[in-house]
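Heads up: the structure comes next, in structure tokens.
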There are 2 protein chains.
Amino acid sequence: MDALDILKQHNIKATIQRVKVLEYLMNCSIHPSAEDIYMHLKNELPMISLSSVYNILIEFEKNNLVNKLMTDNNTIRYDYTKCKHYHIYYSDGKIEDFEDKELDNLISEYFNKNYPNIVNDNDINVVINIKNKKDK
Amino acid sequence: MDALDILKQHNIKATIQRVKVLEYLMNCSIHPSAEDIYMHLKNELPMISLSSVYNILIEFEKNNLVNKLMTDNNTIRYDYTKCKHYHIYYSDGKIEDFEDKELDNLISEYFNKNYPNIVNDNDINVVINIKNKKDK
DNA sequence: TATTAAATTATAATCATTCTAATATAAAAA
DNA sequence: TTTTTATATTAGAATGATTATAATTTAATA
Ligand SMILES: [Mn+2]
Ligand SMILES: [Mn+2]
Ligand SMILES: [Zn+2]
Ligand SMILES: [Zn+2]
């Protein structure tokens with residue numbers, strides 16, 4: 001399903017800015033910051049403003065179209081909400097998707113068995129931190 | 001082991017500021033921000049500066065005395081490095097420790113078996129996100 | 001004691017994000 | 001089609017966490 005349909009489905013008015021932001025999020029794999037998105041879109045959409053990117057991301061987050069990824073260097077990164085997956089954080093800033101159904105099940109089952117009342121599946125995240133060689 | 005011994009052990013000069021920061025981190029359970037630490041210490045140590053708190057935290061981090069906890073609201077929280085544990089993030093900002101040996105082992109074994117070359121134990125974190133009732 | 005280095009402090013700078021008010025665009029009403 | 005109203009975007013200011021800079025204090029060394 002393409003960006004336009006997704007916006008319609010969520011009753012979000014499909015402005016050109018929103019379509020472009022969503023398209024970029026759907027197709028890129030870098031887990032961009034708001035600034036990254038803005039920089040990328042300026043090429044094809046020179047009039048877009050950084051404010052709009054922030055506004056749009058807030059709107060998308062409310063509708064669960066994107067997830068915020070926490071980082072420890074004070075910048076929020078965004079991830080298009082597709083099927084459940086985890087993330088590998090590299091020390092150079094790269095964030096990589098990590099998909100593993102078997103691990104999903106393992107963890108789901110474990111929490112359902114041991115903490116059935118506290119947590120539901122989607123609340124649990126696995127974060128993998130890897131140091132790049134250069135960074136000692 | 002108390003704060004003073006830990007600093008000696010890591011060859012960090014035991015200034016009053018460093019001792020107090022470390023003691024607070026060791027004893028409190030709120031996973032404080034730099035500002036939280038500063039506010040708390042001002043009572044018993046009125047001359048301490050926020051700069052020092054930041055400097056000290058950087059120093060502690062280099063020596064693996066503390067870990068940074070990522071958050072999605074642009075403030076870094078600090079955690080004294082004790083035995084391996086995970087964290088529950090509540091939507092109201094509280095961060096709670098979550099210790100579970102069985103889960104540690106489960107995850108360790110799984111990664112050792114399936115991704116032995118990519119990851120080592122301590123790189124893997126489990127983050128649990130829970131919405132407080134009020135927050136809809 | 002004099003000299004040097006290290007740590008702390010006050011303060012300014014940076015930078016990601018949010019807020020505010022103005023403008024533009026689209027939808028609804030007349 | 002015009003007028004009105006609501007919504008979205010924009011530019012720019014404000015905020016707030018963190019980092020950088022330079023001065024001062026403290027501790028260590030000669
Ligand atoms: Mn910041
Ligand atoms: Mn900030
Ligand atoms: Zn992802
Ligand atoms: Zn903790």
Side-chain angles (χ1 to χ4, degrees), chain A residues 3-4 6-8 10-24 30-42 44-63 65-79 93 95, chain B residues 3-4 7-8 10-24 30-63 65-79 93 95:
Chain A
L4 223 133
I6 291 173
L7 291 176
K8 277 178 190 162
H10 287 258
N11 294 314
I12 302 172
K13 198 188 294 179
T15 64
I16 179 69
Q17 292 89 341
R18 286 173 175 164
V19 172
K20 290 292 183 186
V21 169
L22 185 53
E23 273 177 355
Y24 182 56
I30 65 165
H31 303 86
S33 67
E35 181 85 22
D36 291 335
I37 297 169
Y38 172 64
M39 286 312 199
H40 176 87
L41 293 187
K42 268 207 312 195
E44 24 175 355
L45 208 64
M47 75 292 299
I48 199 173
S49 73
L50 182 56
S51 294
S52 293
V53 174
Y54 275 106
N55 290 336
I56 289 168
L57 288 170
I58 289 169
E59 184 70 17
F60 284 1
E61 210 207 347
K62 283 182 191 152
N63 289 82
L65 283 181
V66 298
N67 276 104
K68 286 185 180 185
L69 295 186
M70 319 175 187
T71 73
D72 63 358
N73 76 148
N74 241 22
T75 71
I76 296 169
R77 309 265 293 262
Y78 292 88
D79 193 20
I95 300 177
Chain B
L4 222 133
L7 290 175
K8 278 178 189 161
H10 285 259
N11 295 313
I12 302 173
K13 198 187 294 178
T15 64
I16 179 69
Q17 292 88 343
R18 284 172 175 166
V19 172
K20 290 293 183 186
V21 170
L22 186 52
E23 273 177 356
Y24 182 56
I30 67 166
H31 302 87
S33 67
E35 181 86 22
D36 292 335
I37 297 169
Y38 172 65
M39 286 311 198
H40 176 86
L41 293 186
K42 269 206 312 195
N43 301 316
E44 24 175 356
L45 208 63
M47 76 293 297
I48 198 173
S49 74
L50 182 56
S51 294
S52 294
V53 174
Y54 274 107
N55 290 336
I56 288 168
L57 288 170
I58 289 168
E59 184 69 15
F60 284 1
E61 211 208 347
K62 282 181 191 153
N63 288 82
L65 284 181
V66 299
N67 275 103
K68 287 185 180 185
L69 295 186
M70 321 174 186
T71 73
D72 63 357
N73 75 148
N74 240 23
T75 72
I76 296 170
R77 309 266 293 263
Y78 291 87
D79 193 21
I95 300 177

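We name chains A, B, ... by the order of the sequence lines, and we start the count at 1 in each one. Everything numeric in this text was worked out from a predicted model, so none of it was measured.
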- [ ] Without swapping roles, check the side chain of Arg77(B) against the backbone of His31(B) for a donor-acceptor pair under 3.5 Å.
- [x]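 Between the backbone of His31(B) and the side chain of Arg77(B) there is a qualifying donor-acceptor contact (under 3.5 Å).
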Task: Under 3.5 Å donor-acceptor, Asn43(B) side chain and His40(B) backbone - done: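 Side chain of Asn43(B) to backbone of His40(B), a donor-acceptor pair under 3.5 Å: yes, one is there.
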Open item on the list: Please compare Asn55(A) and Arg77(A) by the position of their nearest nucleotide in DNA chain C and report the one closer to 5'.
Closed with: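 Going by which nucleotide is closer to the 5' end, it is Arg77(A).
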Task: Upstream residue (5' side of DNA chain C) when Gln17(B) and Glu35(A) are each assigned their closest nucleotide - done: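 Nearer the 5' end of the strand: Gln17(B).
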TODO: Check the surroundings of atom NZ in Lys68(A): do more than 12 heavy atoms from other residues, nucleotides or ligands lie under 6.0 Å from it?
DONE: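 Yes, because the 6.0 Å sphere around NZ of Lys68(A) holds more than 12 heavy atoms from other groups.
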Listing, residues 48-55 of chain A side-chain donor-acceptor contacts under 3.5 Å, not counting sequence neighbours, or none:
unit_1, atom_1, unit_2, atom_2, d
Ser49(A), OG, Ser52(A), N, 3.1
Ser49(A), OG, Ser52(A), OG, 3.0
Asn55(A), ND2, Ser51(A), O, 3.4

Roughly how many Å is it from [atom1] in [X] to [atom2] in [N], rounded to a whole number?
X: Leu45(B); N: dT26(D); atom1: CG; atom2: P; value: 12 Å
X: Ile58(B); N: dA20(D); atom1: CD1; atom2: P; value: 7 Å
X: Tyr54(A); N: dG12(D); atom1: OH; atom2: P; value: 17 Å
X: Leu69(B); N: dT18(D); atom1: CG; atom2: P; value: 12 Å
X: Met39(B); N: dG16(D); atom1: CE; atom2: P; value: 12 Å
X: Met47(A); N: dA8(D); atom1: CE; atom2: P; value: 18 Å
X: Ile48(B); N: dT11(C); atom1: CD1; atom2: P; value: 17 Å
X: Ile56(A); N: dT7(D); atom1: CD1; atom2: C1'; value: 13 Å

TODO: Could you check which of dA8(D), dT17(C), dT18(D) has an atom nearest any side-chain atom of Thr75(A)?
DONE: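 That would be dT17(C).
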Open item on the list: Counting only side-chain heavy atoms from C-beta out, which of dT10(D), dT17(C), dA28(D) sits nearest to Lys13(B)?
Closed with: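 Nearest listed nucleotide: dA28(D).
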Task: Thr15(A) vs dT9(D): side-chain N/O to OP1/OP2 distance below 4.0 Å - done: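 Answer is yes, contact under 4.0 Å.
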Open item on the list: Can you work out whether Glu59(A) or Leu50(A) has the more 5'-proximal nearest nucleotide on DNA chain D?
Closed with: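 Closest to the 5' end, via its nearest nucleotide, is Glu59(A).
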Open item on the list: Measuring only between side-chain heavy atoms, which start at C-beta, is Ile56(B) closer than 4.5 Å to Ile37(B)?
Closed with: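 No; the side chains remain at least 4.5 Å from each other.
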Open item on the list: Under 3.5 Å, is there any donor-acceptor pair linking the side chain of Ser51(A) to the base of dG12(D)?
Closed with: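 Looking at the base of dG12(D), it does pair with a donor or acceptor on the side chain of Ser51(A) (distance under 3.5 Å).
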Open item on the list: Under 4.0 Å, heavy atoms only, any strand: does Ser52(A) hit a base, just the sugar-phosphate, or nothing?
Closed with: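 Base contact.
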